[in-house]
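Let me begin by presenting the structure, written as C-alpha cells, before commenting on it.
Model, not experiment: these values are computed from the prediction. Chain letters run A, B, ... following the sequence lines, proteins first, then strands; residues in each count from 1.
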Amino acid sequence: MANSTVREIGNEPKTSKMNLLQAINSGLDIAMATDQRVICLGEDIGQFGGVFRATSNLQKKYGNQRCFNTPITEQGIVGFAIGLAAQGSVPVAEIQFADYIFPAFDQIVNEAAKYRYRSGDEFNCGGLTIRTPYGGGIDGGLYHSQSPEAYFCHTPGLKVVMPSNAYQAKGLLLAAIRDPDPVIFFEPKAIYRASVGQVPEGDYEIPLGIAEVVQQGTDITLLGWGAQMVQIIKAAELAAADGISCEIIDLRSLLPWDRDCVAQSVTKTGRLLISHEAPRTGGYAGEIAASIQQHCFLSLEAPISRVTGLDTPFPLIHEKQYLPDHLKIYEAIVATCNY
Amino acid sequence: MANSTVREIGNEPKTSKMNLLQAINSGLDIAMATDQRVICLGEDIGQFGGVFRATSNLQKKYGNQRCFNTPITEQGIVGFAIGLAAQGSVPVAEIQFADYIFPAFDQIVNEAAKYRYRSGDEFNCGGLTIRTPYGGGIDGGLYHSQSPEAYFCHTPGLKVVMPSNAYQAKGLLLAAIRDPDPVIFFEPKAIYRASVGQVPEGDYEIPLGIAEVVQQGTDITLLGWGAQMVQIIKAAELAAADGISCEIIDLRSLLPWDRDCVAQSVTKTGRLLISHEAPRTGGYAGEIAASIQQHCFLSLEAPISRVTGLDTPFPLIHEKQYLPDHLKIYEAIVATCNY
Amino acid sequence: MKIAPNLSPAKKAPKFEDGSSLRIPSLQILNQDGSVIAGATVPDLSRAQATKIYSDMLYIRMLDERMQSAQRQGRLSFYMTCTGEEASVAGTIAAFQPQDMAMAQYREHLVLRYRGFTTAQFMNQLFGNLDDLGKGRQMPVHYGSRELNIMTISSPLATQIPQASGYAYGQKLKGKDACTLCYFGEGAASEGDFHAGLNMAAVLNCPVVFVVRNNGYAISTSCAEQFATDGIAPRGPGYGIKTIRVDGNDILAVYAASVEARRIATQEQRPVLIETMSYRLGAHSTSDDPSGYRSKQEEQIWRDKDPIQRMKNWLIAQCWWTEESDTDLQKSYRTEILAELKLAEQRDKPPLGDLITDVYKSVPTHLLEQFQELETHIAKYPDHYSV
Amino acid sequence: MKIAPNLSPAKKAPKFEDGSSLRIPSLQILNQDGSVIAGATVPDLSRAQATKIYSDMLYIRMLDERMQSAQRQGRLSFYMTCTGEEASVAGTIAAFQPQDMAMAQYREHLVLRYRGFTTAQFMNQLFGNLDDLGKGRQMPVHYGSRELNIMTISSPLATQIPQASGYAYGQKLKGKDACTLCYFGEGAASEGDFHAGLNMAAVLNCPVVFVVRNNGYAISTSCAEQFATDGIAPRGPGYGIKTIRVDGNDILAVYAASVEARRIATQEQRPVLIETMSYRLGAHSTSDDPSGYRSKQEEQIWRDKDPIQRMKNWLIAQCWWTEESDTDLQKSYRTEILAELKLAEQRDKPPLGDLITDVYKSVPTHLLEQFQELETHIAKYPDHYSV
Ligand SMILES: Cc1ncc(C[n+]2csc(CCOP(=O)(O)OP(=O)(O)O)c2C)c(N)n1
Ligand SMILES: Cc1ncc(C[n+]2csc(CCOP(=O)(O)OP(=O)(O)O)c2C)c(N)n1
Ligand SMILES: [Mg+2]
Ligand SMILES: [Mg+2]
C-alpha cells in the first residue's frame, strides 16, 4: 500500500479484511451510493450478483433499473453503455470473462475510444467503465484465461487499469468509475479470493496513471501488473536469497502508463524485467521495453528481459508450464544480473 | 525485387506493368483459376468489383457462386468464411476498409486463430485469407485510415502480411491464399494506384515469413512495411546525401516476422529505426524493438528509434502533420546516428 | 415467478412458418399528384409546419446539388446526397421534439436542417475549418451538434443502434418526456449491432424510435443480396417491437406514422421500428458511380415518385404554396449556399493543437511530449507542413 | 432487373404490427403419459431407431449423473449436464445423416453419442488425457470429432452460427446430399453472430438447419430478461427462414420436425430454424447453483415433463420396451461409465510438445525457440512442473 498515492475522500479511516472480490463489490456499492448516475449492467449481474458475485446485493439495494441483467451480447452491452454515458449516466458494464470482450471490440476501439475526439468534444462517453475478469490460474483453458490488455493499450482514447490486490482494486475502481474518460478495468480473477487485505470500508480513490513502487532495490527493476505481481514478489524473494536486490514496480495503470516512475527506477538499477501472462509477441512488455531502452539507453547494463506466456493460445493441461511463474522470473533475474 | 525469395510456379517469365490494385486482381484471378476451391466474398465485391475494384471481373469470370456480395456484417463475413474454410474451401474474404475489421475481431482472434489448436488438429480453417485495405493518405480521417496490424500481431495462430508494392502484392497474396494457416493480408491503399511496376503475368509466390533487404547499408537499419516503405526509402535518400548509409528492410510478413534478418542487419549497422503509421503506444515497432534490443544488445550504438503516428485517433485536417513521413524519418536517422 | 418458456397451444403436424402471415403493407396517404388516397386520414399538420417541412426538403435538395458540384470541381473532398429520400427524414424528424436525441447514419442531414443547423455550420463541417464544431477531425457530412441534440455521426455502420437504446434508457431513468430517434440504412441493418440494439431496446423497454431507411441499395449491393425478405420491418415483431412500414416518399404517411411512434415510445416506454420504403436516387457518395450496377430505367421509375414533387403537389392543392414561392425559395437558398460555401472554404483550418486535444478530457503527458516533438519538427520544415 | 424495394399494398392509417399475427404454436405429438395426441401424426420411426434414440438419451442421463458426481468428488474440474433436454437433441440428430456436419454449443453431447463417440472418448476429453482428440487443450465437454463430422465445440457463444452457414454453403457448392446442423441456446441467440449467421444463410441459400434450444435460462438470466417475445422462433420469418417451434420434451414432435427440416435444407437448399421448447433441469454447470435465481416449484413442473419418461411411456405403450430392459440398460451403462472413468483418469497427460503444435500447421521458429527455453527451464525444476 503506497499511501502517498491514496486520495481519501471523507474521513473514514476504518478498514476491514476483504478479498479482492469483496473490495470490488464494496467499490461498486459506494459508487452507486454516492452517485445516482452510476448504473451496473451485464450478463447475470442482477439478482444472481454475477458469476463471480462481484455485484452481489447491488440489485437488491439499488433496484433493477440501476443494476440489471442484459441479454448475451457483448457488443450490445458496450454499445448500450456508451449511449448511457453519452446521455449523462455513469455505466459500469461487466463483461463476464475478458475472453468474451472481443465481440465488443468495435464498440470499444472504434466508438468509445474515439467518441470525444471525433465530435470535437460535442459529446463524450467518459462515464463508461468496463469491468472484466482476466487471466489464468483457474483451469479455464483457451476461453477463460486470456489476458487481452495489450489489444486495448494500443488504442488512444482508452484508459486501461489493472489492480493487483484488494486495496488497489477498490481504490482504482472508484477512480476509474469517476474518471472522465472510458476505462477498461481488468480484474485478476486468479486472486479474486486469494488476495486478502485490510481495505478501508469507506470511500477512497487511487489516482490513475501512477505506478506503485512495491519494494525498493538496487540491482534490477521488476515490473508487472495484476495477478502477475504475486509471481514477481515471490521471485524477488528467491533472488534476495542470492543477494540480488530487486526494485518492484506495480504498474496498476497500463494506459497511460507511468513511464517516469519506471525510467527513474531503471536509471538507478540498470536492469529491467517485465512479466505478463499474455503471449510474448505484441504483448505490452514490448511497448515498455521499447520505451525504456530509448529513455534509459545509457543506463542499461543488460537487455530488458521479458517473461511472458508463450506465443500459443492459452492451454489447459499445460497451463502450469505455460504461465510465467516465479521460477521463470527468478531465472530471468539471475540471467539478467549475470549478463 | 528480391529474386532469391521468389518461388516461381510454372515457367511464365512474361511481365507487364501493373499497379498494386491490378496486381491484387491478377493474383485473385490466378488463385481462382488454379484452384476451384477459392471463393471470394465481401461487401460490394461482386458485380461492382469492390469499392477499390480489386475484385473486378471475377464474378463475371467465375460466377456468382464463387464471387459474391455479402450483407454488411463483418462478423458474418469472417464467420462464414471460417466455416467455408473448415469445410474445405479456400475463402478470400474482403473487409472493405481495415477500419471496419473490428466487428469481426472475435471471429478472427477467438475463432480463426484458435481453430486448429483447440481441436487438436481435428479441424482447421487454414484456407482462410482476409484481405483489407489499410492506412492513411486518402483524406479518410478516423475511419478510412487506420493501420490496425498490431492488434492482429498479438494473436498466435494468425499470419499477418503486408506488401509494399505491386510485385510483392501479387506474390504474397498467392502465397497467403495457399498458406495452410489463416492470413490477414493488409493492402496499402494509399499506393493502390501509385505503386506501379513490372509484375509477372503468371503464377508466382513470395514465401511468407521472410523479409526483403531492399538496400544494403552500413550505418543504420531502417525497418518498415506496407506504404511506409515509400517514406523510408525517401528518407534514406536524404540521409545518403549526408553521407549516412542506410540498410533498408521491408518486413513484408509481420507475423511470424523475420527476426534473424533484422538482427543480422542490426548486428552489422549497430542502429535500428522502425517506422509505422499506427499510433506509437502498443504499436508493432515496440515488439521489434524489444526483441532486437535483447538479441543485439551489445551491438547497439544508439537507442532503437520509433517513428510512428501519434497516440491519437487518425485525424483528417492534420493528417499530413500526423503521419510519420520521410522528413520525420530522416530527422530520426540523423538523431540516431549522432547519438 | 413466471414459468419460462411458455408452451403455446399445440399443433398436430410439422408446419413451418415462412412469414407469409407477416406481410407488412406500406402506409400511404398521398398519391404522387398530391391528392389524398380515398379513405386515408390526413395527419394534423399546420400550414406553418407543412411549409417548414417542405422548405427544409427543398433546401437540402439545393444543398446536395451545390455540394455535389463543389466536389466535382475539386473544392470538396467528399460528399453524400440524400436525394429521393427527403420525405423519409423530414417526415420523421418533424414528429419529434427538440429534447429528443437524434442519431443518424450519414444520409440524414435534413435532421440538422430541421433543427436549425445553419448553412455556415454545414459548410464549416464540410470544409473542416476553424469553426467546424467537430474541429476538422472527420470526413465531410459527419455533422453533430450538442446544442441541437444531434449526435455526431460516426462512419462505422450500425454502431449507433445499441447506443441509441442506451441513450433512451438514460432518458427514461431521468423521467423526462424525451426519447431517442435512431436512423440507419437497410444495409446497416445486417450488422450484429442492429440485432443487439433492437433486442436490448425491447427487453429493457427503451423509449427509442428506430427508423430504417430502405432505399434499395447499400453502395452497389441491392436488397436482394442484403436479405431474403421484402425488407427490415418483418424483423420488428420478432423482437416484440411495434413496427410500421411506410411509403418513404409520402411525407404525410411518414409523418403520421412518426407522430404515433413518438407517442408509443414516450408514453408506453417501449421501442418502435419504422421502415421507410424509398430509393437512393443519386450515387452512394461522390466516390461511387451507380451506372455499373443498376439501370437508368429503374432510376427513372423512382424519379417519377419524387417525394418533394409529391409534397409540393399536395401543398399547392391545399393552396398553401405556389410555383412562384417555390422558384423564389430555390433561388434564395442557392444564393445563400454559394455565399457560405465561399466563406467557409476561405476560413482557416483548425489550429495544430487540435490534433491532440479531446483524445482524453485532459491531454496526458506522453501525448504532450509527442506534440512538442512534432512542433519542433514542423518548426524545422515550416513550408512542408504549411496548410 | 428487379425493382427493389417493392412497395406492398397500401394501408390507410398508421397501424403498428406487434407480432400478434405471428404467434408460433409448438408442435406436440405425445402426451406425457406416452399416448398420442388425438389427430396427431406419428412420424415414421422403426423400433430399432426408436430404441436407439431412447437408449442414447438414457445413456446421456447416466453419464451426466456420474460425471456430475465425479466433479463433486473433485475428480473432474468442470462438467455440464443436458438433463431435461435430451429429446431436443436426440430428436434432431436422429433425423440427420452421418455426412451432415453437426455444430453444437456445449449441451449437446447426445449428438456425439448418437454418432458413436465411445465412452472412452468422452472420458478422454473430460480428463484431457493423452488420448483426448483435442489434446487436452480445452475445458471438459468441448468434444469434437472429424471422423463423426462433429465440429469441436468452442466456448464463445454463437460464433458457430455464421460458421455453420459458411460450412453449409461449401457443402452446397460441392453438390453433396449433405447439410449442416447447428445448435445453440436461446441466450446465445442474442449475440450479433446469430443475426449475421441467419441472415447470411437466408440470402445465400445455405442448407443449414438451426436448432435453438430454448431451455428458459442462460445461466441465471431468464427468458424474460433475454427477449421481449415468447421465444426465438418469431425471428425466423423475419429473415425469410422457414421456422417451426416444437415441444422439446416430445421426442416424436422434435423428430418429425427435424425430418422435414432436413428435407427442406437439402432439397430446397435453404435454411430452416427449429425452436425446441424445454427446460434446463440442472444447474447451468457445476460452477452454478440455480437455487439463487429460481424456485424448486418451477423446476418440479418441468421435472414432471421429463422427456425420457415420456418416450419410455410411449415405447412401453408400443410394446417396444419394458421396465426391466430399462433397469438393465441403466445398470450396464453405469458400470461401463464408471470403468472408463477410472481408466481415463489414470491415463497419462498429453506430452509437453502438444503445448506448441497446431498453433500453426508447422511450428514456427520463434515458437520452437520459446519451447526450447521452456524445456531447459523445466529440466532445472522437474519436480515443480511434474504433472
Ligand atoms: C462497419 C462498416 N462496414 C462497412 C462500411 C462501408 N460502408 C459505408 S456506407 C455502406 C453502405 C450502407 O448502406 P445502407 O445502410 O443501406 O445505407 P445507404 O447508403 O443506402 O443510405 C457501406 C458498406 C462502414 N461504413 N462500416
Ligand atoms: C461470447 C460469450 N459470452 C458469454 C459467455 C458466458 N456464458 C457461457 S454459457 C452462457 C449462457 C448461455 O445460455 P444459453 O445460450 O441459453 O444456453 P444454455 O446454457 O441454456 O444451454 C454464458 C453467458 C460465453 N461463453 N461466450
Ligand atoms: Mg440503403
Ligand atoms: Mg438457455
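When heavy atoms are compared at a cutoff of 4.5 Å, B:Glu319 does not approach chain C at all. Using a 4.5 Å cut-off between heavy atoms, C:Leu367 touches chain B through its side chain atoms alone. B:Asp99 does not touch chain C: none of its heavy atoms, backbone or side chain, sits under 4.5 Å away. Heavy atoms of C:Asp288 lying under 4.5 Å from chain B belong exclusively to its side chain. With a threshold of 4.5 angstrom between heavy atoms, C:Leu374 approaches chain B through side-chain atoms but not through N, CA, C or O. With a 4.5 angstrom heavy-atom cutoff, C:Ala188 touches chain B only via backbone atoms. Of the two parts of C:Leu352, the backbone and the side chain both hold a non-hydrogen atom closer than 4.5 Å to a non-hydrogen atom of chain B. For C:Leu157, the part lying under 4.5 angstrom from a heavy atom of chain B is the side chain only. Only the side chain of B:Tyr330 comes within less than 4.5 Å of a heavy atom in chain C; its backbone stays farther off. There is no contact between C:Lys135 and chain B, counting heavy-atom distances below 4.5 Å. For a residue to count as touching a neighbouring chain, one of its non-hydrogen atoms must lie under 4.5 Å from one of that chain's; by this rule C:His384 touches chain B with backbone and side chain alike. In this structure, no portion of C:Pro290 lies under 4.5 Å from any heavy atom of chain B. Only the backbone of B:Thr70 comes within contact range of chain C, judged by heavy atoms closer than 4.5 Å.
Under a 4.0 Å N-O distance rule, the pair B:Asp325/B:Lys320 does not qualify as a salt bridge.
The ring of B:Phe152 has its center no closer than 6.0 angstrom to the ring center of B:Tyr284. No close placement of the B:Phe97 and B:Tyr143 rings is indicated, their centers lying 6.0 Å or farther apart.
Contact count against chain B (heavy-atom pairs under 4.5 Å) is highest for C:Pro351 among C:Ala189, C:Pro351, C:Pro364. When each of B:Gly46, B:Gly141, B:Gly140 is scored by its heavy-atom pairs under 4.5 Å with chain C, the top score falls to B:Gly140. When each of B:Val51, B:Thr73, B:Ile138 is scored by its heavy-atom pairs under 4.5 Å with chain C, the top score falls to B:Thr73. Note on B:Asp311, B:Thr281, B:Leu142: by heavy-atom pairs under 4.5 Å with chain C, the leading option is B:Asp311. Chain B forms more heavy-atom pairs under 4.5 Å with one residue of C:Pro156, C:Gly187, C:Ser154 than with any other, namely C:Pro156. For the set C:Glu373, C:Lys380, C:His377, the entry with the most heavy-atom pairs within less than 4.5 Å of chain B is C:His377.
Between the CZ atom in B:Arg280 and the CD atom in C:Gln370 there is a gap of 5.0 Å [rounded to 0.5 Å].
Between B:Asp139 and C:Ser77, the side chains place no donor N or O within less than 3.5 Å of an acceptor N or O (distance only, hydrogens not considered).
A donor-acceptor pair under 3.5 Å is formed between the side chain of B:Ser56 and the backbone N or O of B:Arg53. Although no hydrogens or angles enter the test, the distance criterion places no donor-acceptor pair under 3.5 Å between the side chain of B:Lys189 and the main chain of B:Thr132.
Applying side-chain hydrogen bond (donor to acceptor under 3.5 Å, both in side chains) to C:Glu85 and the options C:Asn215, C:Asn214, C:Thr276 leaves one that passes, C:Asn215.
By the 6.0 Å and 45° rule, C:Arg213 does not stack over the aromatic ring of C:Tyr183.
With sequence neighbours excluded, the residues that form a ring pair (Phe, Tyr, Trp, His ring centres under 6.0 Å) with C:Phe194 are C:Phe184, D:His195.
The shortest distance between side-chain heavy atoms of B:Arg131 and B:Val92 falls below 4.5 Å. Considering only heavy atoms from C-beta on, B:Lys114 comes within 4.5 Å of B:Val109 through its side chain.
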